[in-house]
Asker: 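Dropping the structure in here first, questions after.
All of these numbers come straight from a predicted model, not from anything done at the bench. Below, chains carry the letters A, B, ... as their sequence lines are ordered, and counting in each starts from 1.
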Amino acid sequence: MSLFFIVALPFLGALLPGLMNAAGRAACAGVTFTVSLAAFIGLLTNLPQVLRGELVTARVNWMPELGLNFTLMLDGLGFFFALLILGIGLLIIAYARHYLSRDDNMGEFFTYLLLFQGAMVGIVLSDNILLLLVFWELTSLSSFLLIGYWKHLPAGRQGARMALTVTGMGGLSMIAGMLMLGQIAGSYDLSVILQNRELIQADPLYLPALILILLGCFTKSAQFPFHFWLPHAMAAPTPVSAYLHSATMVKAGIFLMARMWPVLSGTPEWFVIVTTAGLVTMVLGAVIALFKHDLKALLAFSTVSHLGLITMLLGTGTAFGAMAAVFHILNHATFKAALFMSAGIVDHEAHTRDIRRLGGLRTLMPVTFVIATLAALSMAGIPLLNGFLSKEMMLEEATHTVLFNSPLLVPVLATIGSVFSAAYCFRLIGHTFLGKVRDDYPSKPHDPNPGMWLPPAILVVLVVVIGVAPFLAEPFVKTVTASLLGEAGEVPKAYFKIWHGLVPALFMSIAAVVGGLLLMVIFKPLSNAWEAAPRPEAKVIFEGIVEAAASAARALTHSLHNGAFSRYAMISFVAIVAIGYHAWATGTIGDATRAMQVAGPVPIAGWAMLVAATGGLVFLHRNRFLALILIGIVGLMVSVGFVFLSAPDLAMTQFTVEVVTIILLLLALNFLPKTTPHESTVLRRVRDTGVAIAGGLAAFALAYHYMLRDAVATPISEFHLANSYKGGGGTNVVNVILVDFRGFDTYGEIIVLGIAALLIYALTETLLNGPVRARLLNRIPDQPRAGDMHPMMMVVLTRVIMPVVLLVGFYIFLRGHNEPGGGFIAGLVVSIGVVMQYMASGFTWTSARLKYPYHGVIGAGVLVAGFTGIGSWFVTKPFLTSDFTYVRIPPFDKFELATAALFDVGVFLAVVGAVMLSLESFSRLARRANADESEHPMDINPARAEGSSDLIEPVKEGG
Amino acid sequence: MELLVASAIGVMTAGGIYLVLRLRTFPVILGISLLTYAVNVFLFSSGRLTIGAPPVLSDDVTTYTDPLPQALVLTAIVISFGMTAVAVMIGLGAFLGSDDDHIDDQPEPSETEGQP
């Protein structure tokens, strides 16, 4: 099966459990199992090639400019990890089916699990390191969801957050490291990078890249000093702990170290950093694990310890170390996943994981006892079980490792680690299963159904088989080791066997087991001493750091962003003017190349009105209604200026927008206070005036100098003018630019407009559903209402004018391509016509006659414009390529049909919808509880003699 | 002519800035509208000023004004309507919710002054 399918299957399959949720728990787990099984079989179909040492690849270029390609490769190492991920995944799914209770949302769980599985498979099969990073982050995210799966437990949420923070930070640093590595090698393809060992190790960026990548690996694989998140992640359901935190995710960091081993290892830096971190983690994890009373916490720290062991083996940089690491990854995955599942069984049946409350389960849960004991003895390094073999290889490697110039340091520490490791394994067996049967378990324990004990049992069979007949695993482990080493080393000749003779490693193993038994004998006093000793609590430190970072960020943000809008505005204005002044003062200004044009009396009169209105607006802005009239004058003068300066389209747009803006502001002013109080100090006003004058002068100077100089290069407009008719089929170049040359811009703009209108609608809905609603309903207007709110004259006039407005809009729309006009303007004109119906007859009457909701109109507009654009795909042209033709239907004149006109229909609809939705939202606010909602178009209708007077407000005049 | 347009831009900018620096929502919205006019006219003027030469092709005309700034400003005008409407709605919502149309947060009555 293609590698793409193997990676894609879990992701695609992740949709299914959620859908199957309603079909029952068995169906839900079954479909998840099937998806995983398909991927697993797909992986196995590639086994023959992998065993022959061939590289299976699959490649699709994604963004070759960035070096980011969807490239997958499968070699021995990738196959090994993928096998662990998918194989153990299958067992976990079967186990989780019986582990999760009926209250848990199984679909959600399996969806997360499959997402995680896909991301992990993606990591191990990626050939592109950028792609690998994407999958890497995906595992952090999906594991966050899995750890926090029991959302009701605070420990789960905190553990998930901690895991995400630590692994996420590591992921960030790894991105930096990987980018450096790609820069050095000149490619982001792993297959290329792995060929460039000398080049990379000689580069000055090698050390920073190494440290950054290792930070990512160490955080993910819980190496000291980042080991603390793993035990807290144990708040997750046990299947998650068994899967993510023993077999797969925590091995991702190990995988990456192994993957990068050929290029990164072998240097003193690698050796010191990786071996030291691994050694410290191994010993520390083992010591802490011994004194944990929670079964899962004990296993968590033992996992930390074993990950340290593997890291140390990779750190030594020798081929034998690498082979021992591979072998131990395999063995650890088998016995640790089995142990986690056994712990889950104990928790599930006895309702506690506290070792102090357990004991004597041997007779009550014989099956679980056998499984857990075999797995634990393997972990302790007892012969005839697989843990013994790889542990002895580790000890063997340790005796050859000289760290910090001391030949004894590594062997001694490794032995100490093994002693504690053996001790906690014995404690796990002894204190949980052996001893007297108690009568105070929270729940009467018994063996679960086979669905729960079979998965760990299968793993334990592997533990025993490999332990008894190591030669069975030898070829496979050596194949994996060969692909790990690449060209950087030869696979060691050493055979996997139980008896190596009286080598130092054997004595160290014996010492470990004996030492472990001794520790068990003196466990009670030892434990008491441990409890009494002061220990740094990682969680407290972590929370402290997070809290400190958060409060520092808060302090910074709040001091910059204190909610004073006028301060931000002031800072912006001053900064813009200052930067502009700097450019002005330091740059050079060319000579004017254009002559000033003479202005006749009419432009001067218009200018005078504009300046007077602006000045009046500033001085009289406290009277808000007056200010609205004055700004209307400003807008009007701007439109007139557009007419004068050869921009008829702009003038029409500005004019119509002006009308709807004023209506909008009037609607708002209906609620707002009618005057602005005096409250800023004189000093403040003087200061603001100074800034305003400086800004005004700057804008003036810029515009003035700009307009008197020609463009430095030929403007693109020449092209537009030359091609508007030939290419776009229209003579109104502005409209052709809008709907054709830059149609994609326009498409974006109508979407923005639609979003703005929807935002207004949403805000209105929020207000009307919140506490404001009551206030609005009971609002007493601060201005007297008109007696005749819907006067007959206006109703008649707007009805009469409506067809005319529609005709004008239609006309403006149609001529748009060749004469000033087009969808924008037509949309605005039609909106004004509809708004006038609202004004004349009121909200209720008008909306009752509304056939289509305005959201739909916006959506239709965007869709029409979009489909017009997509239409060009069918003739294999890019999005929004336009075409036009001329048709002649006698007796009419020849006229043009252009796809651009269809696009303009979309623009038209979107504009109508957006304007109407905005204005309608505002007028919805104005409805009051005690107001009369007349179903008649007008209040006073002579044709409707009876009952009309009671519809009129008491303050009627001249009715 | 250029002087008139440039000074109009300057005056509208100055008035806009002054109003934006006021303390209540309504004048600030008016100020933003004034600034919008100024910016639109400025963008428009980047095509330089031409009188009596609209960019509508015709057989007997050879000089046209620059159409591109017009197309850009046309959409800018429509979008600025949308923006104004959103700003008005936010201001209105805040006022209806708290009966206060101050533009700045009012945490402590004593801390409203003394900013840069």
Asker: Counting only non-hydrogen atoms closer than 4.5 Å, does A/Val574 touch chain B with its backbone (N, CA, C, O), its side chain (CB onward), both, or neither?
Answerer: neither
Asker: With a 4.5 angstrom heavy-atom cut-off, is it the side chain or the backbone of A/Phe573 that approaches chain B, or both, or neither?
Answerer: side chain
Asker: Which atoms form the tightest heavy-atom contact between A/Ile737 and B/Ala71, and what is the distance?
Answerer: CG2-CB, 3.6 Å
Asker: What part of A/Glu658 gets closer than 4.5 Å to chain B, counting heavy atoms only: side chain, backbone, both or neither?
Answerer: side chain
Asker: Pick one of side chain, backbone, both or neither for A/Asn818, based on which atoms fall under 4.5 Å of a heavy atom in chain B.
Answerer: backbone
Asker: Nearest 0.5 angstrom please: B/Phe42 CZ to A/Phe700 CZ, how far?
Answerer: 12.5 Å
Asker: I'd like to verify something: which residue of B/Ala6, B/Gly97, B/Gly82, B/Gly91 has the highest number of heavy-atom pairs under 4.5 Å with chain A?
Answerer: B/Ala6
Asker: Side chain, backbone, both or neither: which part of A/Ala694 has a non-hydrogen atom closer than 4.5 Å to chain B?
Answerer: neither
Asker: Please find the pair of heavy atoms, one from B/Pro67 and one from A/Val734, that lie closest to each other, and give the distance.
Answerer: O-CG2, 3.9 Å
Asker: Considering all heavy atoms of both residues, which atom of A/Gly695 and which atom of B/Thr13 are nearest to each other, and what is their separation?
Answerer: O-CG2, 4.0 Å
Asker: What distance do A/Trp607 atom CH2 and B/Leu3 atom CG have between them, rounded to the nearest 0.5 Å?
Answerer: 8.0 Å
Asker: Would you please test A/Thr731 and B/Ser58 for side-chain contact (heavy atoms from CB on, under 4.5 Å) and show each step?
Answerer: CA-CA 7 Å; A/Thr731 53; B/Ser58 159; over 6 Å; no
Asker: Going from OH on B/Tyr37 to CE on A/Met637, what distance comes out if it is rounded to the nearest 0.5 angstrom?
Answerer: 11.5 Å
Asker: Which atoms of A/Val660 are under 4.5 Å from chain B, going by heavy atoms: the side chain, the backbone, both sets, or neither?
Answerer: both
Asker: Which answer fits A/Thr614, side chain, backbone, both or neither, if we ask what part of it has an atom under 4.5 Å from a heavy atom of chain B?
Answerer: side chain
Asker: Who among A/Thr676, A/Leu672, A/Leu919 has the most heavy-atom pairs with chain B under 4.5 Å?
Answerer: A/Leu672
Asker: Please flag which part of B/Thr36 lies under 4.5 Å from any non-hydrogen atom of chain A: side chain, backbone, both or neither.
Answerer: neither
Asker: Could you tell me if the side chain of B/Val88 sits less than 4.5 Å from the side chain of A/Phe922, heavy atoms only?
Answerer: yes
Asker: Does the A/Gln654 side chain pair with the main chain of B/Ile77, one donor and one acceptor, at a distance under 3.5 Å?
Answerer: no
Asker: Roughly how far apart are A/Leu665 CG and B/Leu30 CG, rounded to 0.5 Å?
Answerer: 6.5 Å
Asker: Can A/Arg742 and B/Thr75 be said to form a side-chain contact (heavy atoms from CB on, under 4.5 Å), step by step?
Answerer: CA-CA 11 Å; A/Arg742 306 199 61 81; B/Thr75 50; over 6 Å; no
Asker: Mind checking whether A/Leu610 and B/Met12 have side chains closer than 4.5 Å, heavy atoms only?
Answerer: yes
Asker: For the candidates B/Ser46, B/Ser33, B/Gly15, which exhibits the highest count of non-hydrogen atom pairs separated by less than 4.5 Å from chain A?
Answerer: B/Ser46
Asker: Working to the nearest 0.5 Å, report the span between OG of B/Ser45 and CG of A/Leu702.
Answerer: 8.5 Å
Asker: Is it the backbone or the side chain of A/Ile604 that comes under 4.5 Å from a heavy atom of chain B, or both, or neither?
Answerer: both
Asker: Please classify the contact between B/Val39 and chain A as side chain, backbone, both or neither, with a heavy-atom cut-off of under 4.5 Å.
Answerer: neither
Asker: Taking the side chain from A/Asn732 and the backbone from B/Val56, do they hold a donor-acceptor pair closer than 3.5 Å?
Answerer: no
Asker: Determine whether A/Pro673 and B/Phe95 make a side-chain contact, defined as any pair of heavy atoms from C-beta on separated by less than 4.5 Å.
Answerer: yes
Asker: Any donor-acceptor pair under 3.5 Å linking the side chain of B/Asp104 with the backbone of A/Ser566?
Answerer: yes
Asker: Under a 4.5 Å heavy-atom cutoff, which of B/Asn40, B/Asp99, B/Leu34, B/Ile90 has the most pairs with chain A?
Answerer: B/Leu34
Asker: Among A/Thr656, A/Leu683, A/Leu697, A/Val733, which residue has the highest count of heavy-atom pairs closer than 4.5 Å to chain B?
Answerer: A/Val733
Asker: Checking heavy atoms, do the side chain of A/Leu767, its backbone, both or neither come under 4.5 Å from chain B?
Answerer: side chain
Asker: For the interface with chain B, which of A/Ala647, A/Gly822, A/Gly730 has the highest count of heavy-atom pairs at distances below 4.5 Å?
Answerer: A/Ala647
Asker: Give me the atom names and distance for the closest heavy-atom approach of B/Glu2 to A/Ala595.
Answerer: OE2-O, 4.3 Å
Asker: Decide yes or no for B/His102 and A/Phe565: does some side-chain heavy atom of the first lie under 4.5 Å from some side-chain heavy atom of the second?
Answerer: no
Asker: Determine the option with the most heavy-atom pairs under 4.5 angstrom with chain A, choosing from B/Pro55, B/Gly47, B/Ala38.
Answerer: B/Pro55
Asker: Heavy atoms only, distances under 4.5 angstrom: which of B/Val78, B/Val73, B/Val5 has the most pairs with chain A? Name it, please.
Answerer: B/Val78
Asker: Is the CZ atom of A/Phe619 crowded by more than 12 outside heavy atoms at less than 6.0 Å?
Answerer: no
Asker: Counting only non-hydrogen atoms closer than 4.5 Å, does B/Ile32 touch chain A with its backbone (N, CA, C, O), its side chain (CB onward), both, or neither?
Answerer: neither
Asker: I'd like to check the ring pair (Phe, Tyr, Trp, His ring centres under 6.0 Å) partners of A/Phe642; sequence neighbours left out, ordered by chain and number.
Answerer: B/Phe44
Asker: When only pairs under 4.5 Å are counted, which of A/Met652, A/Glu819, A/Arg709 shares the most heavy-atom pairs with chain B?
Answerer: A/Arg709
Asker: Is A/Leu759 close to B/Met89 at the side-chain level, that is, under 4.5 Å between some pair of heavy atoms?
Answerer: no
Asker: Return the minimal non-hydrogen interatomic distance between A/Leu664 and B/Ala85, and the atom names on each side.
Answerer: CD2-CA, 3.7 Å
Asker: Does any backbone or side-chain atom of A/Ser921 lie under 4.5 Å from a heavy atom of chain B? Answer side chain, backbone, both or neither.
Answerer: neither
Asker: Starting at CG of B/Leu74, measure out to CZ of A/Phe824 and round the result to the nearest 0.5 Å.
Answerer: 6.5 Å
Asker: Looking at A/Gln597 and B/Leu49, would you say the former's side chain and the latter's main chain have a donor-acceptor pair under 3.5 Å?
Answerer: yes
Asker: For chain B, find which of A/Pro820, A/Gly754, A/Ala698, A/Pro677 contributes the most heavy-atom pairs closer than 4.5 angstrom.
Answerer: A/Pro677
Asker: A/Ile693, A/Thr746, A/Val657: which one forms the most heavy-atom pairs within less than 4.5 Å of chain B?
Answerer: A/Val657
Asker: Anything under 3.5 Å between a donor and an acceptor, one on a side chain of residues 16-25 of chain B, the other on a protein residue two or more places apart or in another chain? List them.
Answerer:
from	atom 1	to	atom 2	distance (Å)
B/Arg22	NE	B/Tyr18	O	3.1
B/Arg22	NH1	A/Ser680	OG	3.2
B/Arg22	NH2	A/Asp688	OD2	2.2
B/Arg24	NE	A/Glu679	OE2	2.7
B/Arg24	NH1	B/Asp101	OD1	2.4
B/Arg24	NH2	A/Glu679	OE1	3.4

Asker: Do you know which of B/Thr84, B/Leu96, B/Ile103, B/Thr65 has the most heavy-atom pairs with chain A at a distance under 4.5 angstrom?
Answerer: B/Leu96
Asker: A/Pro715 versus chain B, heavy atoms under 4.5 Å apart: side chain, backbone, both or neither?
Answerer: side chain
Asker: Backbone N or O of B/Gly52 within a donor-acceptor pair of the A/Ser646 side chain at under 3.5 Å?
Answerer: yes
